[in-house]
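Here is the structure we will look at, set down as structure tokens.
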Amino acid sequence: MTALPTPPADQPDADRPAPADATGEPARDKTPPPRTTGSGQRHPVDEVPPAGRLVAGGLQHVAASYAGVVAPPLVIGAAVGLSTAQTTFLVGAALFTAGIATLLQTIGFWKVGARMPFVNGVSFAGVAPVLALADGQADKRDALPVVFGAVMVAGALGFLLAPYFCRLVRFFPPVVSGTVITLIGLTLLPVAFGWIQGGHPERPATGTGLWLAGATLVAVLVLRRVLRGFLQQIAILLGMVVGTLLAVPAGAVDTSATRHAALVGFPEPFHFGTPHIQLSAVVSMCILMLVCMTESTADMLALGEIVGRPADEKVIAGGLRADTLGSAVSPVFNGFANSAFAQNIGLVAITGVRSRFTVAACGLMFVGLGLSPAFASLIALVPQPVLGGAGLVLFGTVAASGVGVLLKAGLDRGDNLLIAAVSLGMGMIPVVSRTFYAGDTVPETVKTVLNSGVSAGCLTAVLLNLAFHHLGRGGGNAGPPRVAEGEKPMI
């Protein structure tokens, strides 16, 4: 696998400890991230690729994140009793709003947007709270206006909270950020397994599913090995094309979605009714928004290490503003809460294409797919086992990136080893056992946090880091120096 470009020569020495802040943590640079490299050239994140590469790279990000965008509205639509036509409308709205949120994140305006190669889409963490709210309605079909109203309020409050929430970044030294990045990859791997099982995790994988996933995986690895230059960068996309073509004679390509799809269909504002403000729903969505902001912060730290522009408070604040503004606007077009998609971090790491404009092209494509159900249905032709084979590469790469950061955190010290071990264990509980917190013992508000492996592991790592490195020690044992600015984990 091709190594990512080395950081500029003028970056700080990784072996030199950074000055500590008031909490005892190594201080993170508060200056804005550099827009140029040490040689005076534009940073790869800000480079605009040629049109052909821009389109191909954007399409690759669409293919990697499409299933994640459409899955939540499909689940919610079925749960609240929507018809097939209404569920299709909900999926189109999710694609449209994901495109808007991605453009806010990559291009941005004013202080909105991390201006990093991030795809934003519907957060799957919001499915459980939405279904709980639906169960509390006399008619489940009345739940959507209540949910939309609550998401708008929670998004607005999150937008106001963003410049304060971002200050938590100083509590993410390498032992914490490495643990969280590893958890992001590990918690995504079951998604790939579920795709291989055809979207039915409770059932064993079929022979066809295993064969298609394996063929796609082999195709990606072979193409990555033998191709060079731009073709090597889009090996994931080419591998999925190969897998889909192999699925045609196997009868695994479902074309039913394309037969009756309209060519043009704009997501009518407030299609499901005027949003309602219900206090209990607002509280539930505000908790969800905090969970999404925590996960997005972890994602930005992970991507910042990979692209060679570590995320500081200013970048994280801009990214959180994009998340929350996108969430507040999304219900107008019948969408749900949005957050950064970790799926695409692995794609950036593998391809080495760090341009945010490539992901902005993905955002434009999502908007186009939301406006054209017919084109959106073409993306749905890719069988889920094919996505699963590619997902093993994408999500495994994220986990490996986190291990690379942990290796720099000094796990030979017992304190850091315990922090990583316990945090990984806590984060994996909801991954390996979805019913672990299903009883009445744990309050519903706490379940929202604990049922997210990334949030549970992140919270555990932060608290243990404070306990071992600060409380009772005067901040004098804050652990090894952090990864130097611009240094990336080994892939």
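Computed from a predicted structure; not experimentally measured.
Residues N338 and I100 have side chains not in contact (no heavy-atom distance under 4.5 Å, counting atoms from C-beta outward). Under the 4.5 Å side-chain criterion, counting only non-hydrogen atoms from C-beta, I316 is not in contact with D312. Residues V353 and Q60 fail the side-chain proximity criterion, which asks for heavy atoms closer than 4.5 Å. Using a 4.5 Å cut-off on side-chain heavy atoms (C-beta onward), L424 and T182 make contact. In this structure, the side chains of V422 and T460 come closer than 4.5 Å at one or more pairs of heavy atoms. Using a 4.5 Å cut-off on side-chain heavy atoms (C-beta onward), V176 and L301 make no contact. Considering only heavy atoms from C-beta on, V386 stays 4.5 Å or farther from V242 through its side chain.
Using a 30° and 60° split on the angle between ring planes, F272 and F89 fall in the perpendicular class, above 60°. Classification of the F333-F96 ring pair by plane angle, with boundaries at 30° and 60°, yields perpendicular.
Shortest non-hydrogen contact noted between V69 and G121 is CG2-CA, 4.5 Å. For the residue pair T324 and G158, the shortest heavy atom distance occurs at CG2-C, 3.5 Å. Between A192 and L392, the shortest heavy-atom contact is CB-N, 4.0 Å. Closest of all the heavy-atom pairs between R309 and R115 is NH1-O, 4.0 Å. Across all non-hydrogen atoms, the minimal contact from A360 to L103 is O-CD2, 3.5 Å. Nearest heavy atom pair, residue M300 against residue F118, reads CG-CE1, 3.1 Å.
Using a 4.0 Å cut-off between a side-chain N of Lys or Arg and a carboxylate O of Asp or Glu, D46 and R354 do not qualify as a salt bridge.
Between the side chain of T97 and the backbone N or O of A94 there is at least one donor-acceptor pair closer than 3.5 Å. At least one donor-acceptor pair under 3.5 Å links the side chain of N334 to the backbone N or O of H271.
Here the CE atom belonging to M116 is positioned 9.0 Å from the CD atom belonging to Q105, to the nearest 0.5 angstrom. For the atom pair CG (L238) and OG1 (T216), the distance works out to 12.0 Å, reported to the nearest 0.5 Å. A distance of 6.0 Å separates CG in L411 from CG in L417, rounded to the nearest 0.5 Å. To the nearest 0.5 Å, atoms CD1 (I196) and CD (Q384) are separated by 11.0 Å. Summarising the geometry, atom CG belonging to L320 is positioned 4.5 Å from atom OG1 belonging to T297; distances are rounded to the nearest 0.5 Å. In this structure, CD on Q197 lies 9.5 Å from OG1 on T206, to the nearest 0.5 angstrom.
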(request) For V62 and V119, run side chain to side chain contact (heavy atoms under 4.5 Å, CB included): C-alpha distance rounded to whole Å, both residues' side-chain angles, the deciding distance at 0.1 Å, then the answer. (result) CA-CA 9 Å; V62 169; V119 172; over 6 Å; no
(request) Dump the intermediate steps for side chain to side chain contact (heavy atoms under 4.5 Å, CB included) on L464 and S423, then the final yes or no. (result) CA-CA 8 Å; L464 289 179; S423 302; 4.1 Å; yes
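Between the side chains of S339 and D323, not a single donor N or O lies within less than 3.5 Å of an accepting N or O.
Residue P117 forms a side chain to side chain contact (heavy atoms under 4.5 Å, CB included) with just one option from T358, V45, I345, T106, and that option is V45.
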